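One-based numbering, in listed order, for ligands and for the atoms of each. Values below: all heavy atoms of this structure, side chains included; hydrogens, waters and symmetry mates excluded. For clarity, every value in this text was computed on a predicted model and none was experimentally measured.
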Amino acid sequence: MRYITFALGKGRLAEKALEMLESIGITCEEMKDKNSRKLIFVNEELKLKFFLAKAPDVPTYVEYGAADIGIVGKDTILEENRKNYEVLDLGFGKCRMCVCGPASAKELLQHHEMIRVATKYPGIAKDYFYNKKHQTVDIIKLNGSIELAPIVGLSEVIVDIVETGSTLRENGLEVLEEICPLSARMIVNQVSMKMEAERINQIIKDLREKL
Ligand code: PRP
């Protein structure tokens with residue numbers, strides 16, 4: 001039997017993902033050692049391997065078959081736009097992709113003004129403004145703390161994830177438009193889905209029963 005490899009996105013979702021896998025008997029004791037610098041973990045008994053990667057790299061590992069299965073946020077899946085099967089909404093990590101800014105920016109959006117949009121998700125922002133809203137905007141890619149952009153005058157609005165909304169509130173910003181709901185998803189390599197159909201379908205079935 002060959003190994004089935006899981007790629008998990010580092011960060012907020014990883015812990016929940018591991019908990020969920022544990023609930024269906026997929027465990028990896030090795031991975032719980034927080035001090036370990038090891039990158040890949042093995043469960044010999046179940047013939048499974050696990051690794052943690054930067055979230056945007058997870059769909060890449062899965063598309064190339066370096067991982068059979070990935071667990072990652074829908075935001076990353078949309079942004080990376082890789083050829084994988086998205087097989088399951090895992091129901092955790094729920095949040096929304098939104099256009100946010102000061103209340104005063106609402107008008108700029110309604111009048112389709114040429115504005116600057118700062119975001120960690122240029123692909124999602126482009127798709128939303130160009131293809132859905134037919135509004136030409138200047139998209140500025142940032143790598144974090146996106147809420148800063150409208151505060152310091154880098155952009156009029158941002159496209160970012162909103163979970164509780166507290167980052168926005170504490171910085172005098174608000175949701176201006178909602179782009180789409182997000183949550184953690186399971187993705188599968190297209191070849192693995194055929195070659196390892198039995199084992200992978202069993203995992204999907206077991207997880208679905210826990211939702
Ligand atoms: C995310 C997102 C928002 C915040 C939203 O940032 O970009 O800033 O969380 O959460 P809230 O609605 O509950 O306040 P993250 O903490 O992942 O870091 P980043 O700013 O470096 O992207």
Side-chain angles (χ1 to χ4, degrees), residues 6-21 31 34 39 50-62 67 70-82 84 86 88-106 108-109 115-133 135 137-187:
F6 285 81
L8 309 178
K10 268 188 207 169
R12 295 185 189 203
L13 299 183
E15 213 166 302
K16 282 257 175 66
L18 284 173
E19 258 172 46
M20 195 153 194
L21 290 173
M31 225 167 162
K34 296 255 190 290
L39 293 172
F50 306 85
F51 64 82
L52 288 170
K54 286 266 190 190
D57 295 338
V58 168
T60 312
Y61 282 108
V62 175
I71 296 180
V72 70
K74 179 70 177 175
D75 51 322
T76 306
I77 296 172
L78 289 171
E79 183 63 26
E80 296 303 314
N81 200 18
R82 292 278 177 182
N84 296 309
E86 184 186 316
L88 202 54
D89 181 344
L90 295 167
F92 60 86
K94 279 203 170 118
C95 49
R96 301 177 291 156
M97 186 63 75
C98 298
V99 181
C100 312
S104 58
K106 229 178 245 167
L108 302 174
L109 291 170
I115 51 169
R116 286 189 292 199
V117 181
T119 184
K120 205 154 89 171
Y121 302 92
I124 294 175
K126 222 172 265 173
D127 180 60
Y128 181 69
F129 279 101
Y130 292 16
N131 301 335
K132 300 212 173 76
K133 288 198 52 157
Q135 178 173 6
V137 294
D138 186 4
I139 292 167
I140 304 171
K141 159 92 199 250
L142 290 179
N143 294 293
S145 304
I146 315 299
E147 291 83 357
L148 254 180
I151 299 173
V152 299
L154 175 66
S155 70
E156 282 77 20
V157 300
I158 60 175
V159 164
D160 201 16
I161 291 174
V162 179
E163 192 183 354
T164 61
S166 55
T167 312
L168 291 178
R169 268 194 302 279
E170 286 180 32
N171 292 288
L173 306 171
E174 58 186 64
V175 171
L176 303 173
E177 290 175 1
E178 186 169 324
I179 300 179
C180 63
L182 305 168
S183 58
R185 310 289 162 98
M186 179 168 150
I187 55 174

Is there side-chain contact between Leu52 and Met31, with heavy atoms separated by less than 4.5 Å?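 Sidechains of Met31 and Leu52: in contact.
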Less than 4.5 Å apart, any side-chain heavy atom of Val72 and any of Glu80?
->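 Not in contact.
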Next on the checklist: By the salt bridge (Lys or Arg N to Asp or Glu O under 4.0 Å) test, which pairs, at least two apart or in different chains, include something from residues 10-21?
Outcome noted: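 Every pair satisfying salt bridge (Lys or Arg N to Asp or Glu O under 4.0 Å) with a residue in residues 10-21: Arg12-Glu163.
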Ring pair (Phe, Tyr, Trp, His ring centres under 6.0 Å) against Phe6, all qualifying residues, sequence neighbours excluded =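 Residues passing ring pair (Phe, Tyr, Trp, His ring centres under 6.0 Å) with Phe6: Phe50.
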### Salt-bridge present (Lys120, Glu79; N to O < 4.0 Å)
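Salt bridge: no.
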Could you pull out every protein residue that has a heavy atom closer than 4.0 Å to ligand 1, ordered by chain and then number?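 Arg12, Lys120, Gly144, Ser145, Glu147, Asp160, Ile161, Val162, Glu163, Thr164, Gly165, Ser166, Thr167.
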| query | What residues, two or more places apart in sequence or in another chain, satisfy side chain to side chain contact (heavy atoms under 4.5 Å, CB included) together with Lys126? | reply |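 Testing Lys126 for side chain to side chain contact (heavy atoms under 4.5 Å, CB included), a comparison that skips the adjacent residues, returns Tyr130, Ile139.
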